[in-house]
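See structure below.
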Amino acid sequence: LVLGHHQHTLRGVGFLDRVPVLFGLGHVACDLPRLADEMRRETADIPFDDEGECRRILSDFGIFPRAGYPLLPFHPDARRTVVARCDLDTGGVTFTGLYPCRIGPGGEVQPLHVDDPRAAEDLDYLRECQEHVPAAGTVAVEADGDLVCWRLDPDPIRSVTGSGGDRIAQPAAAATG
């Protein structure tokens, strides 16, 4: 099992020798209530109290205080996050799943329920991420009680073999094109 980190956003899941590689799970906790004050101390060139000006100078993906989200100074995509579930036995990983969640304005993580329309939006986002992941897995939507779970399995067409194999990891678009 390989867990990527520091992406701040969901980045997708690939497989190497049937082992899941989770490139980015997003945030579960972020608490930066004094960010504007700390950033002002570092530079006087950017008005961190003016979100529009920050966006103009730093771009949408810059780190600056966001209206309504005082604890999460990242692009709105960073409000999408997942909790990973990997079931293991002596042979390795038997199940790989992601439970989509959203981060609320107060920093709380809210799991998405099967009747939540945001689950479909986030599934589209994950599928877009999967297009850029080497040896991307297939995604199937399942319900786990009233929670959404995205099951990921190795795609035999895009599978990648590590030691001793001759297949090369390719993003999905390159593998099919």
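Position 1 is the first residue of the sequence, and the numbers go up from there.
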Exercise. Run the numbers on Leu98 and Val139 for side chain to side chain contact (heavy atoms under 4.5 Å, CB included), then give the verdict.
Key: CA-CA 10 Å; Leu98 303 175; Val139 181; over 6 Å; no
Exercise. Kindly determine whether Arg118 and Arg80 satisfy side chain to side chain contact (heavy atoms under 4.5 Å, CB included), including the steps that lead there.
Key: CA-CA 10 Å; Arg118 297 176 301 172; Arg80 305 171 197 264; over 6 Å; no
Quiz item: Between Arg40 and Asp49, is a salt bridge (charged side-chain N to carboxylate O under 4.0 Å, His left out) present by the stated rule, with each step listed?
Solution: CA-CA 9 Å; Arg40 264 193 301 279; Asp49 293 329; 2.9 Å; yes
Quiz item: Please walk me through it: do Leu10 and Leu126 pass side chain to side chain contact (heavy atoms under 4.5 Å, CB included)?
Solution: CA-CA 7 Å; Leu10 182 60; Leu126 173 66; 4.1 Å; yes
Practice problem: Walk me through it: do Asp122 and Arg102 pass the test side chain to side chain contact (heavy atoms under 4.5 Å, CB included)? | Solution: CA-CA 9 Å; Asp122 289 3; Arg102 287 286 181 100; 2.7 Å; yes
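Note that CD of Glu108 and SG of Cys101 are 11.5 Å apart. Values are rounded to the nearest 0.5 Å. Taken to the nearest 0.5 Å, the CH2 atom of Trp150 stands 14.5 Å off from the OG1 atom of Thr96. Taken from CE in Met39 to CG in Asp45, the straight-line distance is 12.0 Å, to the nearest 0.5 Å. For the atom pair CZ of Arg18 and OG1 of Thr94, the computed distance is 11.0 Å after rounding to the nearest 0.5 Å.
No single ILVMFWY cluster, assembled from side-chain heavy atoms under 4.5 Å apart, contains both Ile103 and Tyr99. Note on Val93 and Phe23: separate hydrophobic clusters, where clusters join Ile, Leu, Val, Met, Phe, Trp and Tyr whose side-chain heavy atoms are under 4.5 Å apart, directly or indirectly. A continuous path of ILVMFWY side-chain contacts below 4.5 Å connects Val141 to Leu22, so both sit in one hydrophobic cluster. By the rule that hydrophobic residues join a cluster once side-chain heavy atoms approach within less than 4.5 Å of another member, Leu3 and Phe15 end up as members of one cluster. Clustering ILVMFWY residues whenever any of their side-chain heavy atoms sit less than 4.5 angstrom apart, transitively, puts Val114 in a cluster other than the one holding Leu112.
Residues Val148 and Pro100 come closest through the heavy atom pair O-CD, 3.3 Å. Closest heavy-atom contact between Val19 and Leu1: CG1-N, 3.3 Å. Nearest heavy atom pair, residue Pro20 against residue Val13, reads CB-CG1, 4.5 Å. Residues Leu71 and Pro73 come closest through the heavy atom pair O-CD, 3.6 Å. In terms of heavy atoms, Ile63 sits closest to Phe48 at O-CE2, 4.4 Å. Pairing each heavy atom of Pro70 with each of Pro105, the nearest pair is CD-O, 3.6 Å.
Side chains of Leu147 and His113 form a contact here, defined as non-hydrogen atoms less than 4.5 Å apart. The shortest distance between side-chain heavy atoms of Arg11 and Gln130 does not fall below 4.5 Å. Side-chain contact between Pro47 and Ile57: present, with at least one pair of heavy atoms (C-beta onward) separated by less than 4.5 Å. With contacts defined as side-chain heavy-atom distances shorter than 4.5 Å, the pair His27/Leu72 qualifies. At least one side-chain heavy atom of Arg41 sits less than 4.5 Å from a side-chain heavy atom of Glu38.
A cation-pi arrangement is present between Arg85 and Phe95 under the rule of less than 6.0 angstrom and at most 45 degrees off the ring axis. Under a cutoff of 6.0 Å and an axis angle of 45°, Arg66 and Phe74 do not form a cation-pi pair.
Between the Thr138 side chain and the Asp155 main chain, no donor and acceptor come within less than 3.5 Å of each other. Side-chain atoms of Thr81 come within 3.5 Å of backbone N or O of Leu25 as a donor-acceptor pair.
Between Glu53 and Arg56 there is a salt bridge, with a side-chain nitrogen of the basic residue lying less than 4.0 Å from a carboxylate oxygen of the acidic one. Ion pairing between a basic and an acidic side chain is recognised when a charged N comes within 4.0 Å of a carboxylate O; Asp77 and Arg79 show no such pairing. The pair Glu51-Arg55 counts as a salt bridge, with a side-chain nitrogen and a carboxylate oxygen less than 4.0 angstrom apart.
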